[in-house]
Amino acid sequence: MPETLPSVDPRRWKALIFIALAQLMVVLDSTIVNIALPSAQQDLGISDANRQWVITAYALAFGGLLLFGGRIADLWGRRRSFIIGLIGFAVASALGGAAANETMLLGARALQGVFGALLAPSALSLLAVSFTEARERAKAFGIFGAIAGGGGAVGLILGGVLTEYMNWRWTFFVNIPFAVVAATGAVLVIREPAEGRNRSRLDVPGVILATLGLVSLVYGFTRAESDGWLAGPTLGLFVAAAVLLLAFVLVESKVAAPLLPLRVVADRNRAGVYASLGLAVIGMFGLFLFLTYYLQIVKGYTPVVTGLAFLPMVAGMITGSTQIGARLMTRVRPRLLMAPGFTVAALGMLVLSQIDLTTSYPGLILPGFVLMGLGMGTAFMPAMSLATHGVQPRDAGVASAMVNTSQQVGGAIGTALLNTIAASATTAYATAHAAGARSADLLKLESMVHGYTTAIWWAVGILALAAVLAFTLVNTGRPGGGSPVASSDDAAGDESEVQVPVMAH
């Protein structure tokens with residue numbers, strides 16, 4: 001049966017505004033609470049041992065339920081899931097801002113993660129089914145990629161301003177106007193092709209195995225950071241994650257309507273995107289984590305000034321995504337943007353590995369931030385587009401969820417792995433230089449900076465590996481570079497299914 005293209009929605013560019021706003025809210029929330037955490041801890045009497053749960057509760061719920069959220073979006077419809085996700089996220093944020101005790105705050109954070117897991121894949125899949133023409137798709141994903149890459153840094157800025165000049169509770173309340181505006185716009189403007197629904201029965205065993213497996217994996221990296229990599233609970237969680245995820249793959253290969261159709265991840269190009277994007281996020285989290293501490297503790301910057309210091313990186317991401325990635329995406333192969341983009345980001349990280357106690361911000365940190373931003377923006381944009389291009393509309397939600405899953409798991413790995421490396425290097429340096437130290441305070445700062453630079457060197461290597469994987473695995477042609485040919489996804493699907501155009505291979 002001849003392939004049928006979905007009709008073009010005349011309001012798609014207005015819809016992009018509200019989709020991007022929702023994505024910004026989700027990405028902001030991953031970092032905005034970090035700066036407010038010390039104030040919230042003191043106000044609510046949260047112990048040092050439990051404060052990590054303010055971050056972990058969100059990460060576990062969000063990372064563990066992403067695939068389920070993507071499948072629900074395919075089943076219910078992305079627009080409906082998008083609106084429900086926004087309303088739920090706003091309610092959870094209101095509860096967090098009004099938290100009277102530790103339990104209420106942790107519950108609100110977990111609830112944010114639940115609705116974020118529904119909202120994030122709905123937003124990306126709405127974008128994927130709304131923009132199918134190559135040039136328009138490039139522009140739309142350029143904007144979306146800039147937000148996905150730079151939103152975390154914006155969260156640091158906004159978190160600093162709200163915490164310093166208002167109250168930590170506003171880092172939660174600020175989500176409510178975002179959600180209200182985005183939900184109102186979704187009701188009035190956003191439409192989606194009705195043919196894109198996947199009304200197959202929900203794969204309950206797949207949901208249970210995927211959720212438990214991803215939660216075990218994310219929590220395993222969290223425990224590794226606090227307990228050590230060889231601790232019994234850490235190893236137990238990693239073993240459980242491996243067994244559960246292997247069982248998940250086996251179940252998905254046999255059930256009639258899988259939660260994650262293996263055709264989505266078996267495609268070489270999408271697998272390359274998921275792997276390289278996950279590695280890149282590991283490196284990014286290393287940058288945010290260590291440079292935030294470095295600027296505040298070593299350089300003595302206030303939270304607001306620290307947030308503003310990241311602005312050049314945000315500007316670089318926006319420029320790389322909208323002016324480089326979006327303009328070149330229809331002219332060159334995606335890997336010729338992704339691999340150089342990750343390489344430039346690695347060079348920026350390499351510059352930042354040279355920080356010391358007297359480093360000049362304009363002389364070294366600023367150029368490093370700009371390179372990081374340009375590289376990440378250029379690479380993120382085609383990666384976001386390619387991850388959802390070529391899938392059947394009925395699989396758009398779960399393919400989008402895989403993008404978010406690779407980022408969320410990458411973030412958990414990055415936080416645990418690089419923090420552990422930094423802590424070990426800090427301890428080793430302090431021990432080795434204790435005898436000749438001029439003062440205990442100076443030794444403490446020197447040891448911290450040595451730990452940060454050691455971890456940043458690892459991040460350089462991880463970003464370089466992301467570039468290699470992107471160049472090796474992503475071999476698709478440029479969008480619109482010729483007559484599209486059906487991918488293996490399409491060949492496996494029902495011929496009567498409405499298809500989106502796919503990239504030429």
Side-chain angles (χ1 to χ4, degrees), residues 31 142 145-157 160 279-328 336-381 383 414 418 422 445-446 448-468 470:
T31 55
I147 290 171
V154 175
L156 296 173
I157 300 168
L279 285 170
V281 170
I282 291 175
M284 283 288 290
F285 264 67
L287 181 80
F288 288 152
L289 182 67
F290 301 122
L291 267 296
T292 299
Y293 281 120
Y294 171 79
L295 291 174
Q296 289 194 49
I297 297 175
V298 178
K299 303 298 288 183
Y301 291 7
T302 65
V304 171
V305 174
T306 298
L308 292 174
F310 281 93
L311 268 182
M313 185 170 67
V314 177
M317 284 181 175
I318 294 172
T319 302
S321 187
T322 61
Q323 302 304 310
I324 301 175
R327 290 178 182 274
L328 295 180
L336 298 181
L337 290 173
M338 290 175 62
F342 289 138
T343 301
V344 170
L347 291 174
M349 194 75 83
L350 184 63
V351 170
L352 293 169
S353 71
Q354 305 305 305
I355 58 173
D356 57 30
L357 296 183
T358 60
T359 295
S360 160
Y361 177 84
L364 189 139
I365 298 173
L366 178 60
F369 276 169
V370 171
L371 287 172
M372 277 287 302
L374 285 172
M376 282 298 192
T378 301
F380 265 58
M381 188 263 143
L418 296 177
L445 291 176
E446 289 175 341
M448 287 171 59
V449 172
H450 176 74
Y452 300 158
T453 55
T454 301
I456 291 173
W457 269 106
W458 276 78
V460 171
I462 292 168
L463 281 170
L465 180 58
V468 171

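Just so it is clear, the structure is predicted and the values come from calculations on it, not from any experiment. Counting begins at 1 with the first residue of the sequence. What's counted below: heavy atoms across the whole structure, side chains too, no hydrogens, waters or symmetry copies.
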[X] and [Y]: which non-hydrogen atoms are nearest, and at how many Å?
X      : Y      : answer
Pro312 : Ala309 : CD-O, 3.2 Å
Trp458 : Leu418 : CB-CD2, 3.9 Å
Pro367 : Pro362 : CD-O, 3.4 Å
Ala459 : Gly283 : CB-CA, 4.0 Å
Ala464 : Ala346 : N-CB, 4.2 Å
Ala280 : Met376 : O-CE, 3.5 Å

Using the ring-ring contact (aromatic ring centres under 6.0 Å, His included) criterion, which residues pair with Phe369? Sequence neighbours excluded.
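Here the qualifying residues are Phe310.
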
Taking atom [atom1] of [X] and atom [atom2] of [Y], what is their separation to the nearest 0.5 Å?
X      : Y      : atom1 : atom2 : result
Gln354 : Ile456 : CD    : CD1   : 9.5 Å
Trp457 : Met349 : CH2   : CE    : 12.0 Å
Met372 : Leu291 : CE    : CG    : 8.5 Å

For residues 294-301, tabulate all N or O donor-acceptor pairs below 3.5 Å that involve a side-chain atom, not counting sequence neighbours.
unit_1 : atom_1 : unit_2 : atom_2 : d
Tyr294 : OH     : Asp356 : O      : 2.6
Lys299 : NZ     : Thr359 : O      : 2.7

Pick one: which of Ile462, Leu465, Leu463 meets side chain to side chain contact (heavy atoms under 4.5 Å, CB included) with Ile282?
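That would be Ile462.
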
Ile365 pairs by side chain to side chain contact (heavy atoms under 4.5 Å, CB included) with which of Val370, Leu352, Val351?
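It is Leu352; the other options fail the test.
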
Is there a side-chain contact between Thr378 and Phe342 in this structure, where contact means two heavy atoms from C-beta onward sitting under 4.5 Å apart?
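No, too far: nothing below the 4.5 Å cut-off.
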
pair Leu308-Val304: side-chain heavy atoms closer than 4.5 Å:
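Answer yes - side chains close enough.
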
Any donor and acceptor pair, going by atom type alone, linking the side chain of Ser321 with main-chain N or O of Met317 inside 3.5 Å?
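No.
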
